[in-house]
Colleague: 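I am attaching a structure below and will ask some questions about it afterwards.
Order of listing sets the numbers, starting from 1, for every ligand and every atom in it. Sequence positions, counted from 1, serve as the residue numbers for this chain. Side chains are part of it too, since the values below use all heavy atoms of this structure and drop only hydrogens, waters and symmetry mates. What you see is a predicted model, and the numbers here were worked out from it, not measured in a lab.
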Amino acid sequence: MDEGVLISAPGKVILHGEHAVVHGKVALAVGLNLRTFIKVLHTRDNAVLLNLPSIGSKLTWNVGQLQPLLPSFKGGHEPVSPRSEQLDLLRKFAGFSEGSQDTESQAVLAFLYLYLSICGQDIGGLNIVVWSQLPPGAGLGSSAAYSVCLAAALLSISGRISCPAQGCTEDVRWTETELKLINSWAFQGEKVIHGNPSGVDNAVATLGGALQFQAGQITPMKRVPMLQILLTNTRVPRSTKILVAGVKDKLLKYPSIIEPVLSSIHAISQECQRILEASSAALSIDQFKVLEELIDINQHHLNVIGVGHPSLDKLCQVTASHGLHSKLTGAGGGGCAITLLRPDVDHSVVEAVKQQLVDCGYQCWETSIGAPGVTLHSSLSLPEDIINAFSNV
Ligand SMILES: Nc1ncnc2c1ncn2[C@@H]1O[C@H](COP(=O)(O)OP(=O)(O)O)[C@@H](O)[C@H]1O
Ligand SMILES: C[C@@](O)(CCOP(=O)(O)O)CC(=O)O
Ligand SMILES: [Mg+2]
């Protein structure tokens with residue numbers, strides 16, 4: 001075995017624009033300081049071992065078993081969309097039932113699709129471990145962080161993007177062209193998992209920071225002030241793929257009713273961006289009040305398009321009873337919400353809110369936003385807890 005590669009990518013928080021962004025509207029998204037890590041080692045025994053402890057899955061194939069699949073995957077060059085017959089073939093190969101969409105089959109299919117498509121004839125023995133700080137299926141872009149990690153690792157080990165000499169003592173980021181390639185392959189991985197992703201999540205997991213995203217166009221935001229956010233996971237499981245498909249059905253059924261709601265969400269994203277970018281220094285309390293109203297309006301819109309959940313209603317009630325404003329983030333239907341923490345809110349209030357949310361069975365993190373994008377780590381610069389996490393899987 002060689003030293004291989006160790007790569008990480010961040011999760012994300014969508015401030016505004018989830019779902020609307022799938023239909024060409026603007027979304028604002030920021031990198032989150034919870035990350036997914038991938039370690040890939042070449043092996044000489046021709047075995048491909050995929051170890052996914054976050055979802056309790058461990059699979060092994062022999063390269064000889066994978067070889068007959070290759071003619072159906074054009075190895076190597078331009079990222080191409082997964083076709084349904086390719087996914088059917090992979091499902092059959094991996095022993096998943098027809099049309100399966102469970103956690104394991106989504107993750108394994110995304111891996112196999114990217115592995116066969118990127119490595120092509122160069123497939124060889126690999127030992128892959130993916131470990132994450134992100135809860136999967138909770139709206140924080142775990143699928144995109146996973147897809148970006150896979151794309152970056154497979155492109156690196158197959159020599160399609162640079163992989164600086166081992167023993168390097170510092171973390172490395174790739175060039176703009178390399179990041180573009182990682183992002184577009186990760187988008188294909190997201191297609192396997194989500195069906196019809198907008199591309200916003202993989203863009204943030206690749207580039208990090210704070211982005212405006214619309215119809216594939218990525219624009220880094222200017223001067224985003226530090227925002228303190230309380231992130232809460234209701235722990236109600238849900239699938240982005242199913243929620244996205246539900247919004248599409250509603251839009252097709254009631255176009256003249258749903259389209260204006262999506263347009264209003266678009267306008268909310270634009271107004272939020274205007275406020276965030278207009279302030280050269282900290283935001284005023286009046287500006288925070290507007291941000292809070294935008295959060296409330298958007299949360300109502302998200303309920304209208306069918307992606308709310310009683311657990312999220314409860315969360316909004318708890319935070320509102322302390323004068324704080326929340327909305328779901330990501331696909332909704334459970335999963336996570338964000339609560340804006342104004343600077344004038346006393347620490348004791350935040351603690352009381354957190355306690356009440358924890359008493360509901362929810363999980364809370366206080367976080368600031370704008371984490372860096374996909375990164376190639378030097379084993380010498382990794383924090384000890386990450387090294388320990390890998391040695392324990
Ligand atoms: N660390 C991980 N290891 C393996 N699979 C993962 C991991 N993180 C995410 N996934 C895949 O992504 C899916 C969740 O994606 P999704 O429903 O889009 O939720 P979200 O992106 O909000 O977390 C999981 O069902 C799993 O297939
Ligand atoms: C609902 C959506 O806007 C975001 C989904 O994010 P997540 O998978 O729930 O983290 C879908 C998309 O943009 O592809
Ligand atoms: Mg996702």
Colleague: Does any N or O of ligand 1 fall below 3.5 Å from an N or O anywhere on Lys241, backbone included?
Modeller: no

Colleague: If we set the cut-off at 4.0 Å for heavy atoms, which region of His194 has an atom near ligand 2: side chain, backbone, both, or neither?
Modeller: side chain

Colleague: So if I count the atoms of ligand 2 from 1 in the order they appear, which ones are less than 4.0 Å from some heavy atom of Gly330?
Modeller: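 Close to Gly330: 6 (O), 9 (O).
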
Colleague: Kindly give the atom name of the N, O or S atom of His194 closest to the Mg ion (ligand 3).
Modeller: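 Atom name of the closest N, O or S in His194: NE2.
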
Colleague: Check this for me - ligand 2, Gly17, N or O atoms closer than 3.5 angstrom, yes or no?
Modeller: no

Colleague: Quick one: which of Glu190, Gln106, Glu18 has a heavy atom closest to atom 13 (C) of ligand 1?
Modeller: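 Checking each option, the heavy atom nearest atom 13 (C) of ligand 1 is found in Gln106.
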
Colleague: Is there a donor-acceptor contact under 3.5 Å linking the side chains of Gln273 and Ser269?
Modeller: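 Ser269 and Gln273 do not have a side-chain donor-acceptor pair below 3.5 Å.
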
Colleague: Does Leu52 reach ligand 1 with a nitrogen or oxygen that is under 3.5 Å from one of the ligand's nitrogen or oxygen atoms?
Modeller: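 No, no N or O pair falls under 3.5 Å.
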
Colleague: So, is Gly137 polar-close to ligand 1, with some N/O to N/O distance under 3.5 Å?
Modeller: yes

Colleague: Nearest to atom 18 (O) of ligand 1, what protein heavy atom do you find, and at what distance?
Modeller: His194 NE2, 2.6 Å

Colleague: Does the N or O separation between Glu18 and ligand 2 drop below 3.5 Å for any pair?
Modeller: no

Colleague: Determine whether Gln133 and Trp131 make a side-chain contact, defined as any pair of heavy atoms from C-beta on separated by less than 4.5 Å.
Modeller: yes

Colleague: Give the residue and atom name of whichever protein heavy atom lies nearest to atom 23 (O) of ligand 1, and the separation in Å to one decimal.
Modeller: Ser142 OG, 2.6 Å

Colleague: Tell me whether Ile55 has any N or O atom under 3.5 angstrom from an N or O of ligand 1.
Modeller: no

Colleague: Verify the distance test for Ser143 against the Mg ion (ligand 3): any N/O/S atom under 2.8 Å, yes or no.
Modeller: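 Coordinating: yes.
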
Colleague: Does Val22 approach ligand 2 within less than 4.0 angstrom via side chain, backbone, both or neither, non-hydrogen atoms only?
Modeller: side chain

Colleague: Under 3.5 Å, N or O to N or O, is Asn196 touching ligand 2 that way?
Modeller: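 No: no nitrogen or oxygen of Asn196 is under 3.5 Å from one in ligand 2.
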
Colleague: For ligand 2, which atoms, with element, lie under 4.0 Å from some heavy atom of Arg238?
Modeller: 7 (P), 9 (O)

Colleague: Are any non-hydrogen side-chain atoms of Leu276 and Leu291 less than 4.5 angstrom apart?
Modeller: yes

Colleague: Considering both backbone and side-chain atoms of Gly141, is one of its nitrogen or oxygen atoms within less than 3.5 Å of a nitrogen or oxygen in ligand 2?
Modeller: yes

Colleague: What is the closest protein heavy atom to atom 15 (O) of ligand 1, and at what distance does it sit?
Modeller: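 Answer, as residue, atom name and distance: Ser143 CB, 3.2 Å.
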
Colleague: Between Asp102 and ligand 1, does any nitrogen or oxygen pair lie at a separation below 3.5 Å?
Modeller: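 N/O-N/O distance below 3.5 Å does not exist for this pair.
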
Colleague: For the residue pair Thr319 and His325, confirm or rule out a side-chain donor-acceptor distance under 3.5 Å.
Modeller: no

Colleague: With respect to Asp201, determine whether any N or O atom, backbone or side chain, lies less than 3.5 Å from an N or O atom of ligand 2.
Modeller: yes

Colleague: Can you confirm whether the side chains of Glu178 and Thr175 place a donor and an acceptor under 3.5 Å from each other?
Modeller: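 There is such a pair between these side chains.
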
Colleague: Short N/O distance, under 3.5 Å, between Ser239 and ligand 1?
Modeller: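 Such a contact does not occur with ligand 1.
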
Colleague: Does Gly139, backbone or side chain, put an N or O under 3.5 Å from an N or O of ligand 2?
Modeller: yes

Colleague: Among all the protein's non-hydrogen atoms, which is closest to atom 27 (O) of ligand 1, and how far away is it?
Modeller: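 Here the closest protein heavy atom is Thr103 O, 2.7 Å.
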
Colleague: Could you tell me whether the side chains of Gln106 and Ser143 share a donor-acceptor contact shorter than 3.5 Å?
Modeller: no

Colleague: Tell me whether Lys12 reaches ligand 2 (any heavy atom closer than 4.0 angstrom to a ligand atom).
Modeller: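 A heavy atom of Lys12 does come that close to ligand 2.
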
Colleague: Report yes if the side chains of Leu66 and Val48 come closer than 4.5 Å at any heavy-atom pair, otherwise no.
Modeller: yes

Colleague: Give me the nearest non-hydrogen protein atom to atom 14 (O) of ligand 2 as residue plus atom name, then the distance to 0.1 Å.
Modeller: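 Nearest protein contact, heavy atoms only, for atom 14 (O) of ligand 2 is Ser198 N, 2.8 Å.
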
Colleague: Using a 3.5 Å cut-off on N or O atoms only, is Glu104 in polar contact with ligand 1?
Modeller: no

Colleague: Considering only heavy atoms of Arg238, which atoms of ligand 1 have at least one such atom less than 4.0 Å away?
Modeller: 17 (O), 19 (O), 22 (O)

Colleague: Distance under 4.0 Å to a non-hydrogen atom of Val21: what atoms of ligand 2 satisfy this?
Modeller: 3 (O), 13 (O)

